[in-house]
Each structure stands twice: as structure tokens, then as C-alpha cells.
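Note sheet for the following structure.
Whatever order the structure lists them in is the order used to number ligands and atoms, beginning at 1.
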Amino acid sequence: MPHFDLGALAYGADYNPEQWPREVWREDVRLMGEAGVNLVSLGIFSWAQLEPREGAFEFGWLDEIMNLLHGGGVRVNLATATASPPPWLSLAYPDSRPVTVDGVRLEVGARQLYCPSDPHYRALSVRLARTVAERYGTHPALRLWHVNNEYGCHIDQCYCAQCAARFREWLRARYGTLIELNRAWGTAFWSQRYGDWAEVQPPRRAPSFPNPSQGLDWRRFSSDNILELHRAEVEVLREVTPDIPVTTNFLGFLPGLDYFRWAQEEDVAAVDVYPDPAGAAPHLEAGMVFDLTRSLRGGQRWLLMEQATSAVNWRERNAPKRPGLMRALSLQALARGADGIQFFQWRQSVAGAEKYHSALVGHVPPERSRVWREARDLGQELRGLDFLRGARVKADVAVMFDWHSWWALSQASQPAVTPLLPVVGAWYAALRSLGVNVDFVHPEADLSGYRAVTLPQQYLLTPDAAQGIRAFVEGGGTLVMGPYSGVVDGDDHVVPGGYPGLLQDVLGAWVEEWAPLQTGEEREVRWADGRVTPVTEWTEVLHADSAEVLATYEADFIAGQPAVTRHAFGQGYAYYLSTRPDAAALTDLLRGALQGAGVAIAELPDGLDVTLSDTGDGRLLHLIHFGPQAVTVQVPQASDARSGQPRASVTLHPTDAALLRVPVDFSLHELTARAAASIPT
Ligand code: GAL
């Protein structure tokens, strides 16, 4: 498998020279040199320029820009240019245009206008990929293939007749017989029995709640169907240029694609990350995606393929990244294992739907631009950080995450609407406030490398996943499981007999009934030490058989009954939370669980981001401060990773960062961090 290796950290952007006259290209390459740019993603939306009429290719301009970039020392992540079919394609082959759940066929005028099943789109995109690969496969600037762009970003499901036919094929391969399909989909309910494969449809708009098992399979199929499209391009690239690595840019927690599966197709995982600078905690929003991306390929280094230098254009109100934030988030990506930092885009458009999206070179000239100065300075700073490429981020703690469970949970007609990401985000934030590195782990992955595995809300658990969790706890692991987890199996059928059907022995507890709270409603739980803390959203009628009760409900018909339990099982412990505590109580619970599991933690002030990475001969401590108040961090035996000078105490103002080298046996216990003013001098 070819390995992505620029010999340095990558720095650069999406480059769309077709939007600019040639004079600007020369200026671009000069400015790229100034900013330390060594990699650009080229040609992502160039199909209409490269093939203005079907079968008529025009590569002259791309030849010229490839040579120009190479001459300027800039390497290329070359797109297969298949992300935005030109109008001629969509009009000549109307079935290539995707159809919505309501049966509306989408029209020409934006991008990603393709049905993943359409044979014409498939054939023409694969031909384009082959033509590009044959032409540039030996170009000295080429370092990486950028296949398509952000699959599933706008269109993750197409409900047309071609997709319906492929869905049936997919179902036949999965179930073999209609008897098995009828069983898996529970079609005895509401007279849905299928007597012929031709009767089986995508879950198009229907009078009432669609069949949830059908809906879950549809999401699985839709992810797989787009993946097949991706594979078709990748196969051609691997055939023509076996030595050039391939990637496509993921979107973190994108609902439509099972990235655990997708990531196995890539040579390097790449991701686009756009946290809201006006949000409560952009660094947690981004950090979660960075940690997910690293986890998708087992801890391998990865690429931040797109971020914004400042504002985006696609929220209702688009806040800029205030001075320092872009750098701090970029350093955070590097801390979490990124091998490079790229942006959308190099030069800000003056026309089109993204003309108000920030770039490195904006509408104002570089010499007058704060955003340019920050981007240029970061590019130069990266040249001194190439040693980070040897570092690995290892985690003792994991958050379980799975697209199939997310899809099942997103089906209509549940006890309550419970969006998954805010729940996962709250657990992730609590864990990160304790300083620990966090991986995201697939439910059927090997858990044995972790000391603690948390399940904020794992609604669907296959028997294999449940068995893996049982073995993990039995073997000495610590499990912390949140409510409404382990409810259904892989077919989205309830495992009856009390919830969670497959793990009651591990938890030593079982749930009889759910009692979701109304929006804004609050209850309280009383902890063993007498503290009373609020809970919201969800409560359960929980019975502790052999488990110890850590907290009980204060009111309602479940007053006095268990709310939180802990159970010794085998060599390990299983915690169960039947409700949603506030951040402080959740952090307290996780702190206790992690300490019990032998995980070293630190108490961090608000916004201080800590990552530990291993370099083989030592450890690096990445400190990046996103909080509002200056903090002082004390780390005995630390030295500055760049200068080598001893640095046992560091004061960090908002968006400041420090990179320290610490001994191999460093433990987070040795780190103390407080608001700067509260440290006695
Ligand atoms: C990404 C996309 C880019 C650009 C960017 C704007 O989703 O890949 O082409 O649209 O968003 O934030």
C-alpha cells in the first residue's frame, strides 16, 4: 500500500485556478512560497473545464498549472474531478440526477448532482478518473489522489428507480430469501409482508412512520452504494498509478456514510472540519472529529484536508475565527496526529456561492490582511514542527461510536427524539476535561487495548458487539454505559426480557421501563455521598440485582429507585447510568470510573486542551488553551520541545500553545493547571 509522505508536514489548500486568469496563477505560486505551502488540492470542481463536451478533453490549462506549481516547489493532491458533473452530463442523462424522498428529481445549477447508481455517471466519472490518472500519473508534482469530494455531503440518499433496483440486489445479497427479509423487517406488523422482490421499495415518503428496519437497511445500502462508486474510481487509480496513495475527504460525524467501513479503502484518512467559531466550544467540536479520524484507521496519522482560515458562508450567521483561533485549532489537529493542515480554499472566489467563504488570500490584498498574516505565519511555523510526524497518539479510554446504531436511533417513532451527537459530545467533553486522550471505537473492534470504554448511547448492539463488551469487562476493563443502550439487535428488533437485553449479567442491573422527561423538565438524583444533582431528558425504571447503587432518583414514581449503578463483573467493572446528569456530575462519575480503571487523569481549567503523544524515545505534551482566562500549567521535568530549554511552568493566554517534551514515564498526575492568577508566585 503506498504511503502518503511529503517528507514534511503538509501545508496548503484547495486551489481552484480555473476561476482566475493566468497572471494570477503566477502570483499565487509566489505567495504559496511565502506561506510555506507545499501541497494543494487541485481540480476538485474542474470537470466542466476538463471535459467541456462529452469525450472532448482539454488538459492544456491543467498541464500548465501542474508545471507551474511543481516549479514553485508545490506538490499536488490531484482530484479526479468527478464531484460536480457538468450541465451537459446531467441534461444528456437525466436519470443521473438524484431524486429526493418526496420523488423530486434535482436540477442543474449547483454541485454533487449525481445519482450513485446511474450507469452513465459511473461510466463517465470512471473514464475521467482514468484519463486524469493516465495523463498525470508520472507528473513529478503528483503526491496524492483526491477522489471525488466529500461524498454524501449534499446527497447521501437517492430514491430513484435505479437506486430502488440496486437496493433490492443489496437486500437479496444480505438476506437471500424473502422469508428472511420479512423476518428481519418484521413485516407481520401493519400488513407489510412482501411476496415478491419487486414489491420492495426504498423508504419513500409514506402516510405514517416508515418501517424502521427497512429504514436502517436503506441507510446501510445508501452508504455501501456510494462506497461502490468510490471503489470504482479507486480501482482505476490503483491500476494506473499503484504507487500514488489515494484518499477522499471525510466529514467527521457525517450522518450518511459509515466511515469505519469507508476508511478501510483509503491509503490515508483525510477530513474536513468546520467548527462554529461562535459555538460554545469549537475546540471540542473539532477535537472530536480529529480523534474520530485518527481512530478510523487504528491510530494512523491522517490529514486535515479542509478547514476555514476564518468564516464560512453556509451558516445563518458566519462568525470569523478571531485572531489566534485558526492557529490554535491547527495545532490541535497536529497534536491529535494530523500529518498536515489544508484549507478550503487558497484564493477567495469573487463569484459563485462561496464568495463569502474565507481563504488564505482574501478579497483584500495579502499585505492588508490579518487572515493572510496568520495563515502565512502558521505555514512558516510548521516548518519547525516536522518532527511531529513521528508521533503517535495512544488512548486508554474510548467512546464507542457506530453509524448503524446512529441510523437505527434516527428512525421515527421512538420513546423520545434523542439526537445522538449532543450526547456523545457531552461525554467526550467530560472525558477531555480530565486530560485523557480519547479514541472512538467501533462496537465490534478489539477493545482489549483500552482500560475504559464508554457507551454514551449505543442503542443498537449486535450479539458480537455485546460479546466483545462482556469479554472486555470480564478481562478487567471498565465499562461506562449510558441510558437507552443495547436496546435492539442488528435488525432493529428489541431484545426482550428487560433492557439492555444482552448485557444484564454484565451490568448486574436491568431496565423495566423508560420515562423520558419533557423538554426543559428536570429531576434530581441523590448520590451515595449525599450530593443531589439535576438530571434531564431521560429517566428509567432501573432494578439493581447484584449491582451496587451509586445514585437514586429523588422524585416521581421512581423516587428512591436506582439511577446509577456499578457492578463488579469478572475482573472488571460495569457502570450504568439510566439518566442524563449535568456536566459536573457526569465528569465526577467518569473521573471515579477512570481512576478505578487505573487511568491517569488531570484536573484541567475550562478550555485547556491537553494531548500526550509518543515519539518512541519520549513523550510530547501538547498544551493548547481555548479558555477565556489565562492559565498556568506546571509540569516538572518538562522541556520545550523546540528549544530543549527546561520549562516546568508555562503560562498560556487564550489561544496560546506550548509543546513540551516529557519523560517516557510521564503521567498526567504530574500536571497541575490553574487560572494564572490563582498560582502563588
Ligand atoms: C466543503 C467542500 C468545499 C467547500 C467548503 C466550504 O464542504 O468540500 O468544496 O464547499 O466545504 O466550507
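- With a 4.0 Å heavy-atom cut-off, ligand 1 is reached by the side chain of Asn149 but not by its N, CA, C or O.
- Among protein heavy atoms, atom 10 (O) of ligand 1 sits closest to Glu354 OE2, 2.3 Å.
- Residue contacts with ligand 1, taken as heavy atom pairs separated by less than 4.0 Å, involve His357 solely via side-chain atoms from C-beta onward.
- Between Asp267 and Arg238, at least one side-chain nitrogen of the basic residue sits less than 4.0 Å from a carboxylate oxygen of the acidic one, meeting the salt-bridge criterion.
- Relative orientation of the His139 and Tyr136 rings is tilted, given thresholds of 30° and 60° on the angle between their planes.
- At the top of the distance list for atom 7 (O) of ligand 1, counting protein heavy atoms only, stands Glu150 OE1, 2.2 Å.
- Listed by number with element, the atoms of ligand 1 under 4.0 angstrom from any heavy atom of Phe45 are 9 (O).
- Looking only at protein heavy atoms, the nearest one to atom 9 (O) of ligand 1 is Arg111 NH1, 3.0 Å.
- The atoms of ligand 1 that sit less than 4.0 Å from any heavy atom of Trp314 are 6 (C), 12 (O).
- Both the sub-6.0 Å distance and the 45° axial angle are satisfied by Arg347 relative to the ring of Trp20.
- Ring orientation note: the planes of Phe440 and Tyr428 are close to parallel, at an angle under 30° on the 30°/60° scale.
- The line from CG of Leu292 to CZ of Phe260 is 6.0 Å long, rounded to the nearest 0.5 Å.
- Here Tyr259 and Phe401 keep their ring centres 6.0 angstrom or further from each other.
- Atom 5 (C) of ligand 1 has as its closest protein heavy atom Tyr274 OH, 3.4 Å.
- Taking atom 11 (O) of ligand 1 as the reference point, the nearest protein heavy-atom neighbour is Glu306 OE1, 3.6 Å.
- Trp427 pairs by the ring-ring contact (aromatic ring centres under 6.0 Å, His included) definition with nothing, not counting sequence neighbours.
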